[in-house]
Protein chains: 2
Amino acid sequence: MSKELPEWEKAREEFVVQWGSLGTQWGIPRTMAQIHALLMTAPEPMCTDDVMERLEISRGNAHTNLKDLVGWNLVRIITKKGDRKEYFEAEKDVWKIFITISKERKRREIEPAMQLLRDCAARTKDEGAGPGREFHQQMQDLDEFLSFGVKVADTVISMKHASALQWAMRLLG
Amino acid sequence: MSKELPEWEKAREEFVVQWGSLGTQWGIPRTMAQIHALLMTAPEPMCTDDVMERLEISRGNAHTNLKDLVGWNLVRIITKKGDRKEYFEAEKDVWKIFITISKERKRREIEPAMQLLRDCAARTKDEGAGPGREFHQQMQDLDEFLSFGVKVADTVISMKHASALQWAMRLLG
DNA sequence: TCACACTTTCATTAAAAACTGAAAATACCG
DNA sequence: CGGTATTTTCAGTTTTTAATGAAAGTGTGA
């Protein structure tokens, strides 16, 4: 029934499955995390049918999640000449993956949060002493903290891996 | 029907609702995020019934999520003398919130991931050249990256807010 | 030790999220 | 064009997750 897989492929299987579970804790759909794991460890780019077969999922599911990963800039589309299928290839460089995810999470999750905090702060800027004033202060504190975090992240994001490493070593040393 | 709320309470209402939606993107249950937002902006500790009423949720729901927040060390239980109810109070200091969340996410999400990567690397350490070797390398790269990240995080976590700020300023400057 | 105030649990229900499969749309090639 | 390979969409279904509400549990003080 199931073909005999080489040892490394068994480990890969395990990696894909478990990465999928871990993904859900991070708010990432199980299948999306699995496909990402699969492609990160793929010797060659894979097409939709490869992914469907490997994970035993429907075409629609494979398609949607592949395109979502492309939307996250974690996966790119490859075309081979003389073949009209699309192939998908994941970024494998860990530093680049980190940068990409940081950028996307900043855009999708941090920036909307900051917008909210600013709205709430603006609506209460004239509050005098008392609970209203404290609320305003809390919104500002959160906003300032996130702003600062974003600034740090932007700096790190713009660094080459080597410089970031060097800088971090200084912190640790 | 609904009592007239002061302006800051309207802003707070908005904050609670939106923070809840943002939470889901982070893989945090909506209600848990809402309760956290509510307590972070509460002038006084609140009891289970206060939370139920304010968010219009059931006792079981309020209870479970309050206890989960206590489990995350983001909320602590307060008792008032002559009153056998439990009151809940959220940490409001932004730096402390950050430290707490970092610690918990490390423990719950990063460490299991590293365990997986190490298992997969160990299972393939004898792979010669070829795809098996590359898989092994990928697992190691991911592991090393996370290990390094954890080291940096541990350093930051152990810092006082002021020293962290000073250090970050140097990076930005 | 009983009554009461409060907390905790959990089987059931509801809501949200993810997945399927097939039809529709698109792109390419002769 | 017309045929075919491939991609995309989406209504319907399944699965998973979260919420309810009532019953059981706990502890306290009279």
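Sequence lines set the chain letters: A, B, ... in the order given, protein chains first and strands last, and positions in each chain run from 1. Worth saying up front: this structure is predicted, and the values here are computed from it rather than measured.
A cation-pi contact, defined as under 6.0 Å to the ring centre and within 45° of the axis, links Arg105(B) to Trp26(A).
Put simply, CE on Met52(A) is 14 Å from P on dC19(C), counting in whole angstrom units. The separation between Ile28(A) atom CD1 and dT16(D) atom P is 19 Å, rounded to whole Å. Atom CD in Glu86(A) sits about 10 Å away from atom P in dC28(C), given to the nearest Å. What separates CD1 of Ile77(A) from P of dT7(D) is a distance of 9 Å, to the nearest Å. Atom NZ in Lys80(A) sits about 13 Å away from atom P in dT6(D), given to the nearest Å. In this structure, CD of Gln25(B) is placed 17 Å from C1' of dA18(C), rounded to the nearest angstrom. Taking atom CG of residue Asp83(B) and atom C1' of nucleotide dG29(D), one finds them 14 Å apart after rounding to whole Å. Atom CG in Asn65(A) sits about 9 Å away from atom C1' in dC19(C), given to the nearest Å.
Across all strands, Asp68(A) comes closer than 4.0 Å to no nucleic acid atom at all (heavy-atom distances). Contact annotation for Arg59(B): base contact, defined as any heavy-atom pair under 4.0 Å involving a base atom.
The residue among Thr48(B) and Asn61(B) whose nearest nucleotide of DNA chain C is located toward the 5' end is Thr48(B). Each of Thr24(A) and Thr64(A) has a nearest nucleotide on DNA chain D; the 5'-most of these lies closest to Thr64(A). The residue among Ile57(B) and His63(A) whose nearest nucleotide of DNA chain D lies closer to the 5′ end is His63(A).
Salt-bridge annotation for Glu7(B) and Lys10(B): present, with a side-chain N of the basic residue lying under 4.0 Å from a carboxylate O of the acidic one. Using a 4.0 Å cut-off between charged side-chain N and carboxylate O, Asp154(B) and Lys106(B) make a salt bridge.
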Should Arg76(A) and Glu89(A) be marked as a salt bridge (charged side-chain N to carboxylate O under 4.0 Å, His left out) after you check the CA-CA gap, both sets of side-chain angles, and the distance that decides it? CA-CA 5 Å; Arg76(A) 48 186 165 272; Glu89(A) 178 180 65; 3.4 Å; yes

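Using a 4.0 Å cut-off, no side-chain N or O of Lys67(A) falls inside it from OP1 or OP2 of dT7(D).
Between Phe135(B) and Trp8(A), the angle of the ring planes lies from 30° to 60°, which puts this pair in the tilted group.
At a cut-off of 3.5 angstrom, the base of dC4(C) holds at least one donor-acceptor pair with the side chain of Arg84(B).
Of the candidates dT20(C), dA18(C), dT6(D), the closest approach to any side-chain atom of Pro29(A) belongs to dA18(C).
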